[in-house]
Amino acid sequence: MAREGSRPCYDPAGPDHALRAVLQDLRTGRWMAMRTLLAETTEAWLWTQRTQILAAAAAGSDVVRAWLAEEPDCAHAAVMRARVGVERALRARRERHLRAHELWIEAWDAAQTATGLAPRDPVPWICLLALAQLDPGQRWAEHRAAPPAPPLPPGPWELLAEAAARDPYNREAHHRMLQFLYAREGGHDGPTAAAGTARSGAGPEAPTGRTGAGSETATGRTDAGLTAATSRTGAGDDTATGHPVAGPQQVAVRTGAGPREAAGRAVAAPEVAAGRARTGVDESSDLHRRLDEASGYARWAAGQAPPGSALHLLPLYVRVERHRRLGERQARWTTETAAREARTALTSWFEQAPADRRAQPDLNHLAHALWSTGQYAAAAAVFEAIGPYFTPPPWMYRARGRDRAVDVFTAARDRCRTATGPARAT
């Protein structure tokens with residue numbers, strides 16, 4: 001726990017001291033400690049989290065390439081190559097780099113390869129799901145699969161199901177789906193995917209396979225995995241009905257294999273923006289539509305997630321995104337819906353999840369939501385759980401610059417502690 005008045009710091013590893021030591025090694029170009037750490041990481045949630053953080057640190061170097069040069073058949077190294085490739089592709093698109101499309105293809109190829117070398121690993125599928133946001137026009141069939149339930153839009157549902165078949169309720173997979181929905185173009189449902197259709201029946205079915213290089217058939221964890229990907233979701237918005245959505249059906253076969261086959265149709269970021277301007281799309285209404293779709297998806301996901309699942313926080317992330325893009329008034333923190341979302345996340349996730357499985361971004365989003373909705377006593381408990389580390393989002397969206405995020409965090413923490421009486425110093 002943090003001492004009274006102490007100033008927190010940002011550290012991507014947070015309380016994961018083993019990961020912090022490996023990150024220090026990566027900065028000097030050494031990969032042996034990373035290999036050892038990943039070999040010792042057996043839990044899927046921790047594996048997903050660590051590979052993501054390691055990739056962000058390794059993306060600016062050739063350390064993973066050096067590892068692969070020494071161990072070309074190592075599945076862990078192949079997964080990290082996919083991770084690094086995705087990180088570079090997403091950065092290139094954000095920066096509108098000239099090599100953005102080339103890096104996209106490289107990342108897609110690396111993720112495809114990793115699905116074959118690590119058939120039980122959810123991360124290669126999460127990588128493919130992350131790359132879906134680079135196709136906002138849904139030109140690839142696998143990015144416009146029929147939705148599992150109305151009124152969800154077409155999207156990369158099969159990729160989500162593949163990840164969930166390997167790790168039910170995977171936190172990052174659902175956040176990647178949110179990123180896709182934030183980017184998705186158009187205000188219509190779009191074409192039904194050739195990649196698959198919703199099947200009729202009582203419950204979700206297992207993916208029967210996928211075509212193309214490195215194809216694998218998902219086996220062994222079909223029912224639980226697909227339930228996680230498809231029927232277990234939900235978020236929160238002022239339009240929420242509170243009624244659970246019936247469990248979706250699984251898409252069967254993955255086809256239409258990616259950027260190489262979409263050559264000539266995939267458009268670089270500046271061209272996409274220009275194309276949208278030429279079509280006369282109302283940017284404001286399109287933004288509202290995308291945020292509403294994300295809210296609906298978050299409700300669907302969180303509403304059916306089991307106790308202790310981080311998916312219960314998805315509505316909080318969408319509300320922060322609404323605030324970031326539309327401003328304080330549109331985020332509507334003072335509504336009963338916003339307060340209910342925060343309370344639900346508190347009781348369904350914070351009070352249910354083991355303390356060592358609470359991700360730092362989730363703790364920060366929950367503390368922020370409780371503070372924003374005036375639930376100071378509950379927020380104070382979450383601030384204590386955060387301890388000496390914090391994450392700039394969401395606090396940076398209430399500050400004048402990322403560097404001032406810690407000031408907003410500290411002020412909010414002190415306000416909540418004051419409201420609940422003398423703070424407990426440790």
Side-chain angles (χ1 to χ4, degrees), residues 11-26 31-59 63-64 67-68 71 73-87 90 107 110-131 159-177 179 214 216 218-221 224-226 228-229 232 305-306 308-311 313 349 353-363:
D11 188 321
D16 190 342
H17 301 300
L19 176 60
R20 182 176 301 105
V22 172
L23 290 174
Q24 292 172 353
D25 258 23
L26 279 183
W31 54 267
M32 293 290 290
M34 173 172 58
R35 182 184 67 171
T36 300
L37 179 69
L38 292 179
E40 295 171 349
T41 305
T42 57
E43 294 185 88
W45 69 271
L46 187 58
W47 169 264
T48 302
Q49 180 174 288
R50 282 176 167 175
T51 56
Q52 183 182 16
I53 295 171
L54 288 167
V63 64
V64 172
W67 181 8
L68 274 166
E71 300 180 356
D73 298 322
C74 176
H76 289 180
V79 170
M80 284 306 303
R81 180 177 66 172
R83 275 290 201 188
V84 166
V86 169
E87 182 70 21
L90 295 180
Q112 286 280 80
T113 299
T115 63
L117 291 174
R120 297 186 178 182
D121 191 342
V123 167
W125 295 98
I126 293 172
C127 288
L128 291 168
L129 187 57
L131 293 172
L159 301 181
L160 179 64
E162 292 281 6
R166 291 154 176 82
D167 181 26
Y169 317 108
N170 183 281
R171 177 188 179 278
E172 185 188 345
H174 288 272
H175 278 270
R176 294 298 188 180
M177 192 70 182
Q179 294 300 318
E216 294 291 332
T219 58
R221 299 177 65 185
L226 294 173
R232 295 282 196 172
S309 170
L311 303 190
L313 289 103
W349 173 71
D356 61 353
R357 292 192 61 164
R358 299 175 188 149
Q360 285 291 305
D362 292 341
L363 286 169

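We count residues from 1, following the sequence as given.
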Nearest 0.5 Å please: distance from the [atom1] atom of [X] over to the [atom2] atom of [Y].
X	Y	atom1	atom2	value
H76	L68	NE2	CG	12.5 Å
Y169	L311	OH	CG	8.5 Å
D362	R171	CG	CZ	4.0 Å
D121	T51	CG	OG1	7.0 Å
T48	N170	OG1	CG	4.5 Å
L128	T115	CG	OG1	6.5 Å

Looking at every heavy atom in both [X] and [Y], which two are closest together, and how far apart are they?
X	Y	answer
A58	V84	CB-CG2, 4.0 Å
A13	L23	CB-CD1, 4.0 Å
A173	L129	O-CD2, 3.2 Å
V79	P124	CG2-CG, 4.2 Å
V86	A107	N-CB, 3.7 Å
A163	P122	O-CB, 3.6 Å

side-chain contact (heavy atoms from CB on, under 4.5 Å) with L19: which of L46, T41, L54?
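Among the candidates, only L54 passes.
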Could you check whether any side-chain N or O of S309 sits under 3.5 Å from a backbone N or O of P306, counting only pairs where one atom can act as donor and the other as acceptor?
no
Has the side chain of R166 got a donor or acceptor atom that lies under 3.5 Å from a matching backbone atom of P119?
yes
So, do V123 and Q52 sit near enough that their side-chain heavy atoms are less than 4.5 Å apart?
no
Between M177 and L159, is there a side-chain heavy-atom distance shorter than 4.5 Å?
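The answer is no, as the side chains (C-beta and beyond) never meet within the 4.5 Å cut-off.
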Check against salt bridge (Lys or Arg N to Asp or Glu O under 4.0 Å), E87 and R83
CA-CA 6 Å; E87 182 70 21; R83 275 290 201 188; over 6 Å; no
Could you walk me through whether D11 and R20 pass the salt bridge (Lys or Arg N to Asp or Glu O under 4.0 Å) test, one step at a time?
CA-CA 8 Å; D11 188 321; R20 182 176 301 105; 2.7 Å; yes
Closer than 4.0 angstrom, basic N to acidic O: yes or no for R50 and D16?
yes
Start with the C-alpha gap between W47 and T42, add the side-chain angles, then the distance that decides, and say whether side-chain contact (heavy atoms from CB on, under 4.5 Å) holds.
CA-CA 7 Å; W47 169 264; T42 57; over 6 Å; no
Give the C-alpha distance, both sets of side-chain angles, the deciding distance and a yes or no for side-chain contact (heavy atoms from CB on, under 4.5 Å) between L38 and M80.
CA-CA 10 Å; L38 292 179; M80 284 306 303; 3.7 Å; yes
Results of side chain to side chain donor-acceptor pair (under 3.5 Å) for R176 - residues two or more places apart only
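Checked R176 against side chain to side chain donor-acceptor pair (under 3.5 Å); matches are E172.
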E71: partners by side-chain contact (heavy atoms from CB on, under 4.5 Å), with sequence neighbours left out
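Per chain and number, E71 pairs via side-chain contact (heavy atoms from CB on, under 4.5 Å) with W31, R35, W67, C74.
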